[in-house]
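Presented below is the structure to which this report refers.
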Protein chains: 2
Amino acid sequence: MREKLPEPSIQRLCLLYRLLSRVEKEGRLTVNSGFLAEQLNVKATSIRRDISLLGEFGNTIAGYEVQPLKQAIFKGLGLESVKRACIVGLGRLGASILNYQGFLMGDVMVVAGFDSNINMLEMMESAVSLYPAYQIDEIVRSRNIEIGIITVPMKAAQGVADKLIQAGIKGILNFTPVVLKSDNSRVTIRNLDFFSELLILSAAISLKER
Amino acid sequence: MREKLPEPSIQRLCLLYRLLSRVEKEGRLTVNSGFLAEQLNVKATSIRRDISLLGEFGNTIAGYEVQPLKQAIFKGLGLESVKRACIVGLGRLGASILNYQGFLMGDVMVVAGFDSNINMLEMMESAVSLYPAYQIDEIVRSRNIEIGIITVPMKAAQGVADKLIQAGIKGILNFTPVVLKSDNSRVTIRNLDFFSELLILSAAISLKER
DNA sequence: TAAATCCTGTGAATATTTTCACAGATAATA
DNA sequence: TATTATCTGTGAAAATATTCACAGGATTTA
Ligand SMILES: NC(=O)c1ccc[n+]([C@@H]2O[C@H](COP(=O)([O-])OP(=O)(O)OC[C@H]3O[C@@H](n4cnc5c(N)ncnc54)[C@H](O)[C@@H]3O)[C@@H](O)[C@H]2O)c1
Ligand SMILES: NC(=O)c1ccc[n+]([C@@H]2O[C@H](COP(=O)([O-])OP(=O)(O)OC[C@H]3O[C@@H](n4cnc5c(N)ncnc54)[C@H](O)[C@@H]3O)[C@@H](O)[C@H]2O)c1
């Protein structure tokens, strides 16, 4: 069925997956590409194309059945294996993510938090286990953690990334403005830099007005 | 010089702009496309293409001069006009962004915060002015705010967006998982949904292993 | 059972983005 | 001054991604 999913399709399918979860909860049984397109703000053709990359779906006059479609994306994107993640850096941002409930009932589970400030660790309340940063290697290996979320100060970012990669992590979600280096192409890195996003937005606004 | 900058170029140029700021601070006078490419993890050709979209730069054997290049991006992306932004929703995430110092010395300035919980506003310490949410329209207009950062609970997101758009905002940075609707194409919307990013990362990892 | 309606899936056309590959410009070197 | 080395800028090719446009299937209606 598949060659290789285009990156934009992967992204849209993830959004679609989450949309379907919500829609399912509302009790809706079918959706058509027009509805999905409207909800996600993309063209209906893209939706149909993306979905067709996962195989074929019968077609009733009503469109797609929610449950099977969701299931197909689930499998098509390899979400069967719920990934385990850790957060490194439990400051303002890290702690706010850590305590955000949405996580616990997801397709990715945050199972550990690390910080170099040991005193602070003792003060923190958290549903997930917290460890000092020097245990990253040990814990990532022993608890089979595949994803690392980096929310440490800029200066510490590359060092933390190195440790995570060393420990065999497979993916990194990087919240710092640092562009992380990895000699290991096995590791997938995604950057989520608020300030760059703000700058891009600012530029987009200016350019639109030209 | 310009037709219209491609979206990917805008994004890379923003990252480049920030990189140049750092590089400049380190006292470096010139950079070449190879160095920039390495730092940003993209191909050198892309860098040269992006830059060439902004016009031409003399070319010494050393590459580009940092200062003029930075300036060119600055103008090319319309960053001359420092944009004023506000944050709506001062909970865990919103407050953490609000208090993050990086903001105050940037190309975008956060000048106001809003929350519907008035008691909380009185408790909060902040360098920027805080207002109750019902004043959004008034303050956005009077203080010439062009960007709105949305960090309210999902349920409130569309309502807040509507208010901001109503008040004449030009861009929205949306941290909620809600896909915001706008009948007004004047408004640029960027989404920054952590959980979707995590899901995309998770999918990317799985698919890479196939 | 025939007609009308409302979908999906997808070749083919377009549009966009990236990459190649090299001409030409500049500085350093001999 | 000639030679060499090191860059940029950019046509043109290649790779990707989006969109069009419509055939054909399913369901409803008459
Ligand atoms: N706070 C925000 O809203 C915000 C917004 C955008 C970007 N960021 C980025 O997120 C990162 C963190 O920001 P923050 O405001 O949460 O910072 P913070 O200072 O509040 O927290 C950083 C935490 O990392 C810990 N730490 C430092 N070095 C470490 C190491 N080597 N290993 C493990 N832990 C270590 C510190 O003890 C601290 O608890 C920064 O890179 C920042 O640029 C933050
Ligand atoms: N906390 C995180 O780490 C995190 C991570 C990913 C996404 N998010 C998203 O960010 C958003 C905020 O998350 P949070 O954890 O900060 O929530 P929170 O509950 O801590 O804060 C929300 C704030 O918004 C205020 N608010 C509610 N309705 C409002 C309205 N109509 N106008 C103005 N203010 C209003 C509340 O008073 C509260 O202070 C959510 O949509 C969440 O999905 C948060």
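In what follows, every chain begins at residue 1, and chains take the letters A, B, ... in the order their sequences are listed. What's counted below: heavy atoms across the whole structure, side chains too, no hydrogens, waters or symmetry copies.
Counting only residues at least two apart or in different chains, ring-ring contact (aromatic ring centres under 6.0 Å, His included) contacts with residues 6-33 of chain B are absent.
The CD1 atom of B:Ile47 sits 13 Å away from the C1' atom of D:dT8 (whole-angstrom rounding). Rounded to an integer number of Å, the gap from A:Leu53 CG to C:dT8 C1' is 14 Å. At whole-Å resolution of the value, CG in B:Leu5 and P in C:dT16 are 14 Å apart. Distance B:Phe57 CZ to D:dT10 C1': 15 Å, rounded to the nearest Å. As a whole-Å value, the separation of A:Glu7 CD from C:dT17 P is 15 Å. Computed from coordinates, the B:Ile51 CD1 to D:dC7 P distance equals 14 Å when rounded to whole Å. One can place CG of B:Leu54 at 15 Å from C1' of D:dT10, the figure rounded to the nearest angstrom. Rounded to whole Å, the distance from CG on B:Leu36 to P on D:dT8 is 8 Å.
B:Lys70 is linked by a salt bridge (Lys or Arg N to Asp or Glu O under 4.0 Å) to B:Glu24, counting only residues two or more places apart in sequence or in another chain.
Listed nucleotides: C:dT10, C:dT8, D:dG9. Nearest to the side chain of A:Asn32: C:dT8.
We find the CG-CD1 distance between B:Asn191 and B:Ile172 to be 9.5 Å, quoted to the nearest 0.5 Å.
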*For nucleotides 18-30 of chain D, just jot down a letter per nucleotide in 5' to 3' order: B, S or -, based on protein non-hydrogen atoms under 4.0 Å.*
SBBB--B-SS---

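Counted by atom type alone, B:Gln158 and B:Asp162 present one or more donor-acceptor pairs between their side chains at under 3.5 Å.
The ring of B:Phe194 has its center no closer than 6.0 angstrom to the ring center of A:Tyr100.
Residue A:Tyr64 has no polar side-chain atom (N or O) positioned under 4.0 Å from OP1 or OP2 of C:dC6.
Checking side-chain atoms of B:Asn32 against main-chain N and O of B:Gly34 turns up a donor-acceptor pair under 3.5 Å.
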